[in-house]
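The figures that follow rest on heavy atoms only: side chains count, while hydrogens, waters and symmetry mates do not.
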Amino acid sequence: MTAEVMTRPGQLPTFWDRDVIYFANMLSIFYDNHDELERLRQHVMGVETYGGRLIPIINLIFKGDNNLLVLEKPPDQTLIRYFQDDLGLSLPNIVILSHKVYDSLIAQVNKLLHDEINPTVTTIHQHDAAWIDGFVSDNVLMNIAKALNKPTISSLKGSRRGNNKFLLHNHLSEQGFPVFDTIPAASPDEVHACFSTLHSQGYKKAVVKAQIGASGIGMTSFPTTATNVNSIPEHFFFEGPCMVQGWLDETVTNVRHVGSPSIQMFLDDNTVSLYDITEQILNEDSVHEGNLSPPSYFCKEDPVYEELFRQASTSGSWLHDQGYRGTASVDFLIVEHHGNTEVRVCEINARITGATYPSVIARHFLPHDAWLMRNVRFAKPLRDTSLLKMLDQAGYLYHPDMQEGVIPINFNLNEDGSVQKGQFLCLGKVMDDCLNMLEQIESILPLKWHYDRD
């Protein structure tokens, strides 16, 4: 059955009327590609602590009142009290299961469930939520669901195919949508010939993309004149041929970069809801560092707005056809080329993304207003209690009766419980309010910070 597409930017969709055992299996993001996971660990500090971002939104996405969130690392207790006592959010029950133990369940799930050796596994076994879901639906999650005799929100096939950049590219190309000039390469030996072809087409840079990647992992760029491509790791080819794509920026004649928007979506059994439009904040390597909404360079009346939602509708329908259900986002590039504005899909992410959690929280408290989320890394670890206290004393910590303010969504803690970095959401009537707030916060905190990849 073809899903109905509903477009309501700025308004949250009707999320699941279900309760769930949700596994924040952040380290399963690349499924069975362990070399790619190791690269992620090396480049993104505290990736296993990112599950804390889910705490304030799980009970918003799953409306049942009996949700269990399984995290890989213990969360920050100060934030939990803030979410509950100050923001008035309903929170899930939380248990901790390390990724190592989670991975072991692929082979021993029945033994562990029935021997009840691990108290966390016992809690999971005895919990009576009707559904199973996770950051991704991998083989371990499906094994757990089978052992518990509970259905998963999304299928393994839907999750894995839904995150495959090459499959979506091929679909959009077949449907006649504008796509990036792309040449498949089955091994590093084939990449040089792809570069030569793209160079002859006027590209000075090319990007090599694995079919599944995230947070800049599985993606690398080269000049099209490069001859030594031995640095491309084998794990790029884990899912099959890489995509070698022409890099569209100001290095191409008559091209000007306009923006990198992202449309947030929710897929239930019958519907694809497009509920927010954001702008991605990218570093010089095009790696995600935050989001804001709404983008400043178009409005609802502009043709580019209509084109973004047209392509998002097709991408969301394709994702629904793969069997994926849940939150997702589709990322775009907008350029001016010979004076014409062109829109191209970069990729789709079939999971809770770096824009999902700020969007859901922002639209829950202040629908249709502006929001800005930045990933901040401190020069020196900071105690969490002092951080919240300083924001509150300065009048910036958000409370539900305020029209603007800052919500710390998650703290990435080191081993002694200090905050190494955090994700901060600024809410305001217009974007200038959010930007000014962020500047003011930096001036009142006693430590230097810089923006970090998410």
Side-chain angles (χ1 to χ4, degrees), residues 3-25 51-70 83-84 87-94 127 129-137 141 145 150-155 158-159 162 262-278 291 293 309 312-313 315-317 319-320 322-330 348-369 371 373 400 407 409-410 425 427:
E4 178 187 5
V5 178
M6 303 178 69
T7 302
R8 295 176 178 173
Q11 179 179 332
L12 290 180
T14 302
F15 286 123
W16 297 118
D17 187 17
R18 297 172 178 176
D19 48 25
V20 69
I21 301 174
Y22 192 101
F23 289 82
N25 52 350
R53 302 179 304 180
L54 304 171
I55 295 171
I57 67 170
I58 287 297
N59 283 12
L60 295 174
I61 296 175
F62 296 92
K63 298 296 187 179
D65 58 0
N66 188 32
N67 297 320
L68 179 67
L69 176 60
V70 185
F83 295 149
Q84 254 178 332
L87 294 184
L89 290 171
S90 166
L91 301 185
N93 294 315
I94 297 171
H127 201 274
W131 292 82
I132 299 287
D133 198 17
F135 185 65
V136 295
S137 296
L141 190 79
K150 297 183 181 192
T152 57
I153 297 286
S154 190
S155 66
S159 177
S262 177
I263 290 182
Q264 309 310 307
M265 57 180 66
F266 172 69
L267 296 80
D268 63 18
D269 292 331
N270 305 307
T271 308
V272 177
S273 299
L274 310 178
Y275 67 86
D276 207 358
I277 182 164
T278 79
N291 286 79
S293 180
F309 280 95
S313 296
S315 301
S317 296
L319 183 57
H320 196 275
Q322 306 315 301
Y324 177 76
R325 302 292 182 267
T327 63
S329 66
V330 57
I348 201 165
N349 293 300
R351 49 185 169 81
I352 288 177
T353 73
T356 305
Y357 56 93
S359 174
V360 169
I361 294 171
R363 299 309 176 203
H364 172 73
F365 285 111
L366 296 175
H368 304 291
D369 285 356
W371 61 264
M373 194 285 295
I407 299 178
I409 296 177
N410 183 47
L425 172 62
L427 305 177

Legend entry - Steps toward side chain to side chain contact (heavy atoms under 4.5 Å, CB included) verdict (Ile277, Phe309): CA-CA 9 Å; Ile277 182 164; Phe309 280 95; 4.1 Å; yes

Rounded distance (nearest 0.5 Å) linking atom [atom1] of [X] with atom [atom2] of [Y]:
| X | Y | atom1 | atom2 | answer |
| --- | --- | --- | --- | --- |
| Ser293 | Met373 | OG | CE | 12.5 Å |
| Gln11 | Tyr275 | CD | OH | 12.5 Å |
| Arg53 | Thr353 | CZ | OG1 | 8.0 Å |
| Tyr324 | Asn349 | OH | CG | 9.5 Å |
| Asn291 | Asp276 | CG | CG | 9.5 Å |
| Ser317 | Leu267 | OG | CG | 8.5 Å |

Less than 4.5 Å apart, any side-chain heavy atom of [X] and any of [Y]?
| X | Y | result |
| --- | --- | --- |
| Pro92 | Tyr22 | no |
| Thr271 | Phe266 | no |
| Phe365 | Pro400 | yes |
| Ile57 | His364 | no |
| Val360 | Phe15 | yes |
| Phe83 | Asn59 | no |
| Leu427 | Asp369 | no |

Inset, instruction - Would you indicate whether Asp65, at its atom CG, is surrounded by more than 12 heavy atoms from other residues, nucleotides or ligands within a distance under 6.0 Å? - result: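 Open: at most 12 neighbouring heavy atoms sit under 6.0 Å from CG of Asp65.
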
Exercise: identify the closest heavy-atom pair between [X] and [Y]:
| X | Y | result |
| --- | --- | --- |
| Asp133 | Ser154 | OD1-N, 4.4 Å |
| Ile348 | Ser315 | CD1-O, 3.7 Å |
| Thr327 | Ile61 | CG2-CD1, 4.0 Å |
| His127 | Asn66 | CE1-O, 2.9 Å |
| Ala350 | Ala328 | CA-CB, 4.1 Å |
| Asp268 | His320 | O-NE2, 2.8 Å |

Backbone of [Y] reached by a side-chain donor or acceptor of [X] within 3.5 Å:
| X | Y | result |
| --- | --- | --- |
| Asn25 | Val136 | yes |
| Asn93 | Leu68 | no |
| Ser329 | Gln264 | no |
| Thr152 | Ile132 | no |

Inset, instruction - Measure up the Phe62 and Trp16 rings against each other and bin them: parallel (under 30°), tilted (30 to 60°), perpendicular (over 60°). - result: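 Rings of Phe62 and Trp16: parallel, as their planes differ by under 30°.
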
Legend entry - Side-chain ion pair, Asp269 and Arg18, N-O less than 4.0 Å: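 Arg18 and Asp269: salt-bridged.
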
Inset, instruction - Assess the side chains of Ser359 and Thr356: does a donor N or O sit below 3.5 Å from an acceptor N or O? - result: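 No pair is found: no donor N or O on one side chain lies under 3.5 Å from an acceptor on the other.
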
